[in-house]
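Report on the structure given below.
As a basis for the values below, the full set of heavy atoms in this structure was taken, side chains included, without hydrogen atoms, waters or symmetry mates. Sequence lines set the chain letters: A, B, ... in the order given, protein chains first and strands last, and positions in each chain run from 1. Predicted model only: the values in this text are computed from it and were never measured.
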Protein chains: 2
Amino acid sequence: MVGPARFMNLLSCFELGLIDQLRATPGLTAADLGAAAGTKPDTVEQLLHLLVKEDFVALDESTGRYTLDALADVPESDLKRALTYMNMIKVVALRQVFYLTESARTGKLAGLSTLYGYDGTLYGAVAEHKDLRESWATLMDNVTARIDPWFFGTIDVPAGAQVLDVAGNTGLGAIHTYELKKSPGLHVTTFDLPEKEEEALENFRAHGVAEHCSFIGGDVFDGIPQGYDVVLIKHFLDMWDKAEVLTILRGAHAALRPGGQLHILVPVYPENIKDRDNYNVDFFPSFFIGCTMGQGGPQKQSVYVSWLEEAGFKVTQAVTKDPSELPPDAIPVQAVLSARKAG
Amino acid sequence: MVGPARFMNLLSCFELGLIDQLRATPGLTAADLGAAAGTKPDTVEQLLHLLVKEDFVALDESTGRYTLDALADVPESDLKRALTYMNMIKVVALRQVFYLTESARTGKLAGLSTLYGYDGTLYGAVAEHKDLRESWATLMDNVTARIDPWFFGTIDVPAGAQVLDVAGNTGLGAIHTYELKKSPGLHVTTFDLPEKEEEALENFRAHGVAEHCSFIGGDVFDGIPQGYDVVLIKHFLDMWDKAEVLTILRGAHAALRPGGQLHILVPVYPENIKDRDNYNVDFFPSFFIGCTMGQGGPQKQSVYVSWLEEAGFKVTQAVTKDPSELPPDAIPVQAVLSARKAG
């Protein structure tokens with residue numbers, strides 16, 4: 001019940017600059033903080049109650065002076081990452097979840113439609129709406145930068161392979177593939193909607209990989225280009241319900257040469273849904289159904305394994321990232337699944 | 001971080017009728033539930049993950065059949081009360097808290113202004129907007145019905161007293177006062193904004209207390225009618241910051257005859273803000289500052305005591321309701337403070 005109020009109370013203390021003020025000058029009063037933040041001391045006092053309760057901030061009741069408590073020990077880089085995530089949740093999710101029931105019924109984002117007059121998915125809306133794009137893209141770039149090295153460290157890309165990055169957006173995955181798996185003859189093709197082409201080609205040029213990377217425009221549900229040794233599907237399957245995931249996996253199967261390998265990067269639910277230290281089922285159902293797609297959501301690793309088999313693959317590797325290696329504020333727990341098309 | 005998503009995921013399972021379906025027919029599958037709710041089975045499965053995690057609902061993984069778990073043991077009346085509160089939070093707070101930082105800076109409800117084009121407080125907006133009014137009034141009527149008997153059981157109203165109910169809205173408090181404290185000559189006056197008069201007088205007639213109750217229109221900040229033996233201030237002081245509370249208390253002091261009594265009903269924060277079983281500081285700061293007033297919020301009982309003394313009163317009674325007597329879903333913990341004007 002108190003989830004939405006707690007979420008914004010905490011974020012607002014950062015947005016008002018109260019935490020930065022206390023980091024710079026420990027021992028400020030509500031009056032000092034109010035003057036700096038442009039808000040009434042009464043309001044500062046009210047909003048800091050929660051942070052005192054949570055031991056984030058300490059209050060000396062005899063003097064009315066605040067200092068950072070647990071927040072003093074959090075490195076700025078960790079704080080920045082958590083705040084990027086919180087800002088994304090605020091901008092993308094907080095208002096949209098109001099419409100969750102309608103979105104669940106219609107399979108369309110009633111929130112985007114009402115709030116932005118946009119009919120489609122979040123991935124389309126970010127192209128048109130700067131506030132959504134900035135909060136979303138900043139987060140996704142952070143996530144990709146953190147997770148791609150692990151993904152490419154976990155998979156094998158044979159020398160000289162022809163690689164297809166399905167739903168590869170504007171080419172960042174292709175660039176990472178080339179840079180991290182470089183070999184003579186290695187070529188990576190980004191496959192995504194035609195409107196991504198221009199930016200992808202620019203990115204290839206900017207990273208000096210234009211000779212080794214190319215772009216094919218199209219829609220995965222109309223068929224996937226064929227004749228590849230390796231197909232990558234990163235951050236994509238979790239956007240779809242089972243029927244769509246199977247269509248994509250069958251398309252990937254057809255895209256591979258016999259003996260070729262598919263590698264998937266996807267967040268997964270824990271095998272034991274009741275795992276209390278894992279917050280994926282707390283977040284992703286509302287997020288995908290209410291805020292990004294009107295459908296979809298991650299599955300357990302074991303479910304993806306069975307769907308890969310259903311699509312004709314032989315699963316050769318399924319590794320879920322050890323949650324203890326993730327920063328404590330990270331919600332998604334990613335898995336790599338590798339599968340082979342019979343040779 | 002996951003607060004807003006968890007909140008709406010849970011509420012949405014009720015709104016979609018999934019819980020009612022499972023109560024009526026235990027053992028339904030996601031496909032059965034989807035057919036009944038008009039949503040895809042994939043969506044049902046995603047949204048029920050959280051309820052399985054929380055042991056609200058049980059899933060037999062071998063058959064894919066759901067049954068109510070902990071929710072089976074919750075009496076319908078408890079569930080209805082909790083859902084009334086959740087619905088109020090959804091309609092009044094969930095979207096408005098997005099604008100909390102701006103509301104904190106300006107002292108005005110940026111959310112109401114943006115979402116409803118309404119400039120003012122929630123209490124004004126409910127008069128114009130049916131969705132706000134229904135979710136808000138349903139809750140407040142429930143709260144008043146539950147808490148008024150305790151309030152009137154705790155205070156003393158001398159026989160034949162002239163009573164003033166400050167900010168008495170449309171007369172319900174006056175009616176309760178007369179009915180619960182009936183004595184020859186007892187007269188209760190509701191004092192509130194002039195636009196409440198008509199409905200208040202109608203309510204007095206409908207309850208057969210028109211002879212014993214009357215209405216005076218006005219604004220507490222322009223002065224409070226004088227010459228009373230007892231002044232009541234219920235559900236009102238928590239809406240204001242310190243300066244306004246002191247103005248109201250001084251007005252109440254002036255309204256009383258020497259020796260008269262003031263009785264306050266107000267939610268309070270726990271004396272130990274870190275009390276982990278108490279959710280008042282988790283909810284009310286965002287709620288008052290971001291969603292209802294642009295200011296205000298409860299205080300500790302000890303703070304209200306000191307403010308009463310600052311306004312010239314002698315405090316004669318301060319009782320906080322025992323939280324263990326409240327239903328587990330109730331957030332506000334109410335207190336009664338009684339104070340005397342020197343005779």
Side-chain angles (χ1 to χ4, degrees), chain A residues 1-9 11-12 15-16 37-40 42-47 49-50 52-55 59 82 85-86 89-91 93-95 97-98 100-101 104-105 107 241-243 269 273-276 279 281-290 295-297 329 331, chain B residues 1-9 11-12 15-16 37-40 42-47 49-50 52-55 59 82 85-86 89-91 93-95 97-98 100-101 104-105 107 241-243 269 273-276 279 281-290 295-297 329 331:
Chain A
M1 269 194 204
V2 296
R6 281 171 61 88
F7 173 82
M8 266 316 296
N9 188 336
L11 183 53
S12 199
E15 290 182 348
L16 287 168
T39 184
K40 285 174 81 174
D42 307 67
T43 297
V44 170
E45 222 174 275
Q46 288 283 342
L47 293 177
H49 280 320
L50 176 63
V52 171
K53 177 179 180 180
E54 297 294 337
D55 293 325
L59 167 64
Y85 215 101
M86 288 186 78
I89 292 172
K90 175 191 166 191
V91 176
L94 183 59
R95 294 163 300 170
V97 288
F98 177 86
L100 177 59
T101 299
R105 283 221 175 90
D241 284 341
K242 180 176 181 182
Y269 291 144
I273 286 289
K274 301 193 183 199
D275 178 349
R276 301 208 66 82
Y279 290 90
V281 304
D282 303 67
F283 180 67
F284 282 120
S286 314
F287 187 65
F288 277 100
I289 295 164
Q295 65 163 297
D329 56 280
I331 297 173
Chain B
M1 268 194 205
V2 296
R6 281 171 61 89
F7 173 82
M8 266 315 297
N9 188 336
L11 183 53
S12 199
E15 291 182 347
L16 287 167
T39 184
K40 286 175 79 174
D42 307 67
T43 296
V44 170
E45 222 174 274
Q46 288 283 340
L47 293 177
H49 280 319
L50 176 63
V52 170
K53 177 178 179 182
E54 298 293 338
D55 294 326
L59 167 64
Y85 216 101
M86 288 186 77
I89 293 173
K90 175 191 166 190
V91 176
L94 183 60
R95 294 163 299 170
V97 288
F98 177 85
L100 177 59
T101 299
R105 282 220 176 91
D241 284 341
K242 180 177 182 182
Y269 292 145
I273 287 289
K274 300 194 183 198
D275 178 350
R276 301 209 65 82
Y279 290 90
V281 303
D282 303 67
F283 180 66
F284 282 119
S286 313
F287 187 65
F288 277 100
I289 295 164
Q295 66 164 296
D329 56 279
I331 297 173

**Prompt:** Side chain, backbone, both or neither: which part of Leu50(A) has a non-hydrogen atom closer than 4.5 Å to chain B?
**Reply:** both

**Request:** Mind ranking Val97(B), Leu11(B), Asp55(B) by heavy-atom pairs under 4.5 Å with chain A and telling me who comes out on top?
**Result:** Val97(B)

**Item:** Side-chain heavy atoms of Met8(B) within contact of Phe98(A), under 4.5 Å
**Value:** no

**Prompt:** What heavy-atom pair brings Ser286(B) and Ala5(A) nearest, and what distance separates the two atoms?
**Reply:** OG-O, 2.9 Å

**Prompt:** Non-hydrogen atoms of chain A under 4.5 Å away: do they reach the side chain of Ile289(B), the backbone, both or neither?
**Reply:** side chain

**Complete:** Of the listed Gln46(B), Met1(B), His49(B), the one with the largest count of heavy-atom pairs under 4.5 Å with chain A is Gln46(B)

**Asked** Has the side chain of Thr39(A) got a donor or acceptor atom that lies under 3.5 Å from a matching backbone atom of Ala104(B)?
**Response** yes

**Asked** So, does Asp42(A) use its side chain to make a donor-acceptor pair with the main chain of Lys242(B) at under 3.5 Å?
**Response** yes

**Interface moiety of Phe283(A) toward chain B, non-hydrogen atoms closer than 4.5 Å** = both

**Positive for side chain to side chain contact (heavy atoms under 4.5 Å, CB included) with Val2(A), one of Asp282(B), Ile89(B), Val281(B)** = Asp282(B)

**Asked** Taking every heavy-atom pair that is under 4.5 Å apart, which of Asp241(A), Leu47(A), Ile331(A), Thr43(A) has the most such pairs with chain B?
**Response** Asp241(A)

**Prompt:** Is there a side-chain contact between Tyr279(B) and Lys53(A) (heavy atoms, below 4.5 Å)?
**Reply:** yes

**Region of Asp329(A) in contact with chain B, defined by heavy-atom distances below 4.5 Å** = both

**Message:** Need one label for Leu94(A): side chain, backbone, both or neither, based on atoms under 4.5 Å from any heavy atom in chain B.
**Reply:** both

**Request:** Identify which of Glu15(B), Arg276(B), Arg105(B) forms the greatest number of heavy-atom pairs closer than 4.5 Å to chain A.
**Result:** Arg105(B)

**Request:** Give, as side chain, backbone, both or neither, the part of Leu59(A) having an atom under 4.5 angstrom from any heavy atom of chain B.
**Result:** neither

**Per-residue contact mode, Phe288(A) against chain B (heavy atom under 4.5 angstrom)** = neither

